[in-house]
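Note that the numbering runs from 1 along the sequence shown for the chain. Note that these values count all heavy atoms, side chains included, but never hydrogens, waters or copies made by symmetry.
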Amino acid sequence: MAKKKFYAVAVGRECGIFTDWPTAEKQVKGFPAARFKSFPSEKQAEEWLENPVYASKKKSAEKKDKPENLYGAEPGEIIIFTDGGALNNPGPGGYGVVIVADGVLRELSGGFCLTTNNRMEMMAAIVALTEVQGCDKRIKLFSDSSYLVNGIMKGWVNKWQNNGWKKSDGMEVSNIDLWTQLIELKKNLDVTFCWVKGHAGNEGNERCDRLAVVAAKQSPQKLDVEYERTVNNS
């Protein structure tokens, strides 16, 4: 009798643990950048889903070592993926960050007990840019938040700031505290914000999404002070 296997799908049509290959195969077959692996126990599958990386293969002795081209990072540049969200929006929230620099990958995440989707998308970018302060390399930051990317790249935030943090309709801009932090953080960085479609098989985006969801579901105790102040005063 064949031993039972557990199939962990980290990136696919539906993510999770499956107990039969035909069902798992439906989630990954033909799916761009699918990431999955089989395990002899459910516990091992769950542990891998928390950090879905593959063991590196030994390189042939004849081949010269080359730095990993992780997530498409080119020599001399830093690649960042960010994502964030809040359960039930507003609600418990989390953010996830993946930073690739010099062939080294770092992951960061955190959560707040009450916040919003937009604030967590912005917080992810703030955490990421804080980590790379003082760097003189070209930086590409990928986010699936049009609110964040357009706010920076289309110059909305500069117009709002010049207009006393008022929108064209005279209403006050939301999340001024976070926009202000982003403006300061990117001043001395060569950073471009790039939009990427969410939940579309992009490996970096999918990983950040998972980090953010896990952080939000872990009953975070940290306060998003400015958001709660705004809510309490409304």
Side-chain angles (χ1 to χ4, degrees), residues 78-99 108-133 138-202 204-206 208-213 215-217 220-234:
I78 294 175
I79 294 293
I80 297 174
F81 287 91
T82 65
D83 198 15
L87 306 178
N88 301 316
N89 190 37
Y95 63 82
V97 176
V98 170
I99 301 175
L108 304 163
S109 64
F112 293 82
C113 58
L114 180 63
T115 187
T116 69
N117 286 340
N118 281 340
R119 288 185 69 81
M120 288 299 93
E121 295 278 13
M122 297 174 73
M123 182 58 68
I126 287 169
V127 169
L129 295 185
T130 299
E131 286 294 308
V132 297
Q133 283 298 296
R138 182 176 65 254
I139 301 167
K140 290 181 181 177
L141 187 152
F142 294 88
S143 169
D144 61 14
S145 170
S146 297
Y147 175 72
L148 170 65
V149 174
N150 289 340
I152 297 294
M153 299 308 295
K154 292 189 176 182
W156 297 350
V157 66
N158 296 325
K159 293 177 182 177
W160 295 333
Q161 186 180 42
N162 293 335
N163 198 35
W165 293 108
K166 300 290 183 181
K167 295 186 290 186
S168 58
D169 60 5
M171 298 293 290
E172 185 174 83
V173 173
S174 298
N175 308 314
I176 297 173
D177 59 316
L178 301 185
W179 284 120
T180 302
Q181 290 184 60
L182 282 169
I183 289 172
E184 288 301 312
L185 286 168
K186 73 182 191 68
K187 271 184 178 179
N188 298 315
L189 295 172
D190 179 10
V191 56
T192 301
F193 285 66
C194 308
W195 181 81
V196 60
K197 186 176 181 180
H199 308 289
N202 182 288
N205 176 260
E206 296 284 356
C208 287
D209 176 70
R210 184 164 185 80
L211 288 169
V213 170
K217 288 183 175 180
Q221 300 300 308
K222 189 173 182 180
L223 296 177
D224 184 347
V225 177
E226 184 60 24
Y227 175 71
E228 297 212 10
R229 184 193 67 78
T230 302
V231 171
N232 291 332
N233 291 339
S234 61

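- Using a distance-only test at 3.5 Å, with no hydrogens or angles considered, no donor-acceptor pair links the side chain of Asn89 to the main chain of Thr116.
- The minimum heavy-atom distance linking Trp179 with Ile152 is given by the pair CZ3-CD1, 4.0 Å.
- Applying the ring pair (Phe, Tyr, Trp, His ring centres under 6.0 Å) criterion to Tyr95, with sequence neighbours excluded, gives no partner residue.
- Taking every heavy atom of both residues into account, Gly198 and Asn205 meet most closely at CA-OD1, 3.5 Å.
- Taking OG from Ser146 and CG from Asn118, the interatomic distance works out to 10.0 Å, rounded to the nearest 0.5 Å.
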Stepwise side chain to side chain contact (heavy atoms under 4.5 Å, CB included) test for Leu223 and Cys113: CA-CA 6 Å; Leu223 296 177; Cys113 58; 3.4 Å; yes

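- Scanning for side-chain contact (heavy atoms from CB on, under 4.5 Å) contacts around Leu114 gives Pro90, Tyr227, Glu228, with sequence neighbours left out.
- With contacts defined as side-chain heavy-atom distances shorter than 4.5 Å, the pair Lys167/Trp165 does not qualify.
- Side-chain contact between Lys166 and Glu172: present, with at least one pair of heavy atoms (C-beta onward) separated by less than 4.5 Å.
- Nearest approach of Ala86 to Gly91, heavy atoms of both residues: CB-O, 3.8 Å.
- In this structure, CZ on Phe193 lies 5.5 Å from CG on Leu148, to the nearest 0.5 angstrom.
- To the nearest 0.5 Å, the span separating OG1 on Thr115 from CG on Asp224 amounts to 4.0 Å.
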Decide side chain to side chain contact (heavy atoms under 4.5 Å, CB included) for Asp144 and Glu121; before the verdict, give the C-alpha distance in whole Å, the side-chain angles of both, and the deciding distance to 0.1 Å. CA-CA 9 Å; Asp144 61 14; Glu121 295 278 13; 3.1 Å; yes

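- Interatomic distance, CD1 of Ile78 versus CG of Asp190, reported as 10.0 Å (0.5 Å rounding).
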Where do Asn202 and Phe81 land on the side chain to side chain contact (heavy atoms under 4.5 Å, CB included) test, with the steps shown first? CA-CA 10 Å; Asn202 182 288; Phe81 287 91; 3.2 Å; yes

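- Using a 4.5 Å heavy-atom cutoff, the side chains of Asp83 and Phe142 are not in contact.
- A 6.0 Å sphere centred on CG of Asn162 holds more than 12 heavy atoms belonging to other residues, nucleotides or ligands.
- Annotation: the span from Ile79 atom CD1 to Arg138 atom CZ amounts to 8.0 Å, rounded to 0.5 Å.
- Across every non-hydrogen atom of Gly94 and Ala216, the tightest pair is N-CB, 3.6 Å.
- Expressed to the nearest 0.5 Å, how far NZ of Lys159 lies from NZ of Lys154 amounts to 10.0 Å.
- In terms of modelled atom types and a separation under 3.5 Å, the side chain of Glu226 and the main chain of Asn175 share no donor-acceptor contact.
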After noting the C-alpha distance and the side-chain angles of Met153 and Thr192, does the key distance pass the side chain to side chain contact (heavy atoms under 4.5 Å, CB included) rule? CA-CA 8 Å; Met153 299 308 295; Thr192 301; 3.9 Å; yes

